[in-house]
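The block underneath contains the structure these notes are about, expressed in structure tokens.
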There are 2 protein chains.
Amino acid sequence: MILAEITTEERILEAAMKVFTRRGFAATRTEDIAKEAGINRTLLHYYFRDKQTIFNLIFETRFKEFFKGLFLIFEADNISLFDKIRRMVDHEITMLTKHPDLARFIITEVAHNPQLLIEYGTKLGMNPRVLKQSFEDLVAREVNDKTIKPIEGRQLLMNIMSLCIYPLVAKPIILTMMNVDERTFSQMMEQRKEEVSEFIINAIKK
Amino acid sequence: MILAEITTEERILEAAMKVFTRRGFAATRTEDIAKEAGINRTLLHYYFRDKQTIFNLIFETRFKEFFKGLFLIFEADNISLFDKIRRMVDHEITMLTKHPDLARFIITEVAHNPQLLIEYGTKLGMNPRVLKQSFEDLVAREVNDKTIKPIEGRQLLMNIMSLCIYPLVAKPIILTMMNVDERTFSQMMEQRKEEVSEFIINAIKK
DNA sequence: TCAATATTTGACACAGTTGTTAAACAAATG
DNA sequence: CATTTGTTTAACAACTGTGTCAAATATTGA
């Protein structure tokens with residue numbers, strides 16, 4: 001086995017990532033993962049105990065992917081609110097465009113099993129309340145200084161997340177309803193990277 | 001069987017609605033539906049052929065629930081853009097707050113089987129393109145008249161939908177991440193009915 | 001009360017999924 | 001070449017879920 005090549009173990013994880021993310025835990029068959037990886041089911045158990053074990057590995061990775069960058073921006077200090085918004089929007093849309101099924105996957109799995117959020121959240125050392133608080137404080141300060149219109153930090157945060165995440169979550173619906181192809185959709189998302197930040201800033205600036 | 005009482009058939013459909021909406025098709029067991037309805041599995045097959053039949057009935061109902069009101073507003077004539085936005089936002093948030101799992105259900109089922117959207121869309125006589133076009137025309141006119149900042153109709157539409165729908169879709173995540181209880185969440189959604197329209201209008205008005 | 005209808009029980013066949021095992025085979029590595 | 005490691009094949013047991021059926025029982029309406 002040459003080092004530069006990807007190992008079978010990685011191929012399996014890669015395949016599991018695809019299938020689990022597309023179909024979710026319940027609808028995924030281990031056979032589907034094996035087929036996607038180009039191996040058979042026995043080999044899958046040779047490397048990993050069972051379906052649940054693989055899922056946990058995948059979920060941890062994808063969970064991190066979904067939240068990590070965002071929390072880095074939350075933490076970032078000495079950045080103006082508007083710049084923070086610009087960074088968040090750009091990061092979220094860029095990341096989700098690269099992984100179009102990621103948000104839907106995380107949301108539906110957490111909806112089916114809310115415990116996952118607690119478990120992997122703490123496992124990755126996230127402290128939502130502290131980080132969220134820092135953003136809410138930042139917003140409250142700007143409101144107080146009357147540099148932006150009055151708005152609650154958590155409502156603004158929800159708005160930012162909504163505008164970035166929803167289009168990807170609802171992508172299968174949007175493609176049909178708006179009658180656009182994959183290529184056009186990508187262009188629309190590209191366009192949003194700029195426009196959404198300005199949309200938000202226009203909405204709140206005085 | 002007294003007429004005023006709900007029939008067993010209705011009890012089953014009611015139960016199926018709850019379970020399917022919460023868990024989706026793949027993760028739902030007919031046993032779960034029977035238990036939720038307080039009857040046994042055999043009776044379920046006595047009234048309905050099979051799981052798929054029940055699912056189709058449920059999906060059609062919920063699909064209509066999700067899209068109907070929105071399309072009515074789309075169609076509505078002689079309404080200013082801003083009023084149309086206000087109506088859409090109010091309707092969407094009100095409807096989704098009443099049915100918190102509805103949006104996630106429709107989105108995930110359509111993501112698993114895009115054909116559903118085509119099938120039930122045409123079945124219910126929706127013509128997305130025509131309706132969407134009327135909205136895009138309205139926006140284009142306002143942009144042309146320079147009464148609002150330049151924005152594509154479809155981007156604006158996506159923004160409106162995002163701001164209304166995402167918070168409900170991501171509710172299980174938001175509850176934990178923002179550390180709020182059901183009651184507080186409801187209040188936040190109530191607040192959004194007013195604030196989101198104004199947020200949008202501020203974002204686009206000149 | 002009688003007959004029709006609704007509901008439960010228990011059993012069953014069938015299909016699908018999961019996880020395991022033994023044996024054979026292939027590839028790579030010393 | 002001999003050995004280890006990776007992989008496939010085939011078969012299997014256990015379990016779960018679906019759909020069906022016959023018989024027994026309960027409920028209702030005529």
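Per chain, numbering begins at 1; letters A, B, ... match sequence-line order.
In this structure, B:Lys171 forms no cation-pi arrangement with B:Tyr166, as its terminal cationic atom is not both closer than 6.0 Å to the ring centre and no more than 45° off the ring axis.
Residues A:Arg192 and A:Leu163 meet the side-chain proximity criterion, which asks for heavy atoms closer than 4.5 Å. Counting heavy atoms from C-beta on, the side chains of B:Ile165 and B:Glu92 come closer than 4.5 Å. Here the side chains of B:Phe199 and A:Phe199 are in contact, with some heavy-atom distance below 4.5 Å.
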Look for any protein N or O under 3.5 Å of an N or O in nucleotides 15-17 of chain C and output each such pair with its distance, or none.
{"unit_1": "C:dT17", "atom_1": "OP1", "unit_2": "A:Arg29", "atom_2": "NH1", "d": "3.4"}

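Rounded to an integer number of Å, the gap from CG of A:Leu44 to P of D:dG6 is 15 Å. Look at OH on A:Tyr47: it is 9 Å from P on D:dT8, rounded to the nearest Å. At whole-Å resolution of the value, CG in B:Leu43 and P in C:dT7 are 5 Å apart. Taking atom NE2 of residue A:His45 and atom C1' of nucleotide C:dT18, one finds them 6 Å apart after rounding to whole Å. The CG atom of B:Asn40 sits 5 Å away from the C1' atom of C:dT8 (whole-angstrom rounding). In this entry the distance linking NZ of B:Lys35 with P of C:dT8 reads 14 Å, nearest Å. The CZ-C1' distance, from A:Arg11 to D:dT8, rounds to 14 Å in whole Å. Between the P atom of D:dT18 and the CD atom of B:Glu31 lies a distance of 9 Å, rounded to the nearest Å.
In this structure, the nucleotide among C:dT8, C:dA6, C:dT20 sitting nearest to the side chain of B:Ile39 is C:dT8. Distance from the side chain of B:Tyr46 is smallest for C:dA6 among the nucleotides C:dA6, D:dA22, C:dG19. Residue A:Asp50 places its side chain closer to C:dG19 than to any other of C:dG19, C:dA6, D:dT9.
Using bins of under 30°, 30° to 60° and over 60° for the plane-to-plane angle, the ring pair A:Tyr120/A:Phe63 lands in the tilted bin.
Salt bridge present: A:Lys193 and A:Glu190 bring a charged side-chain N and a carboxylate O closer than 4.0 Å.
Atom CE of A:Met188 and atom CD of A:Glu195 lie 10.0 Å apart (nearest 0.5 Å).
No contact: B:Phe48 has no heavy atom under 4.0 Å from any strand.
Between B:Thr8 and C:dT7 there is a side-chain polar atom (N or O) within less than 4.0 angstrom of OP1 or OP2.
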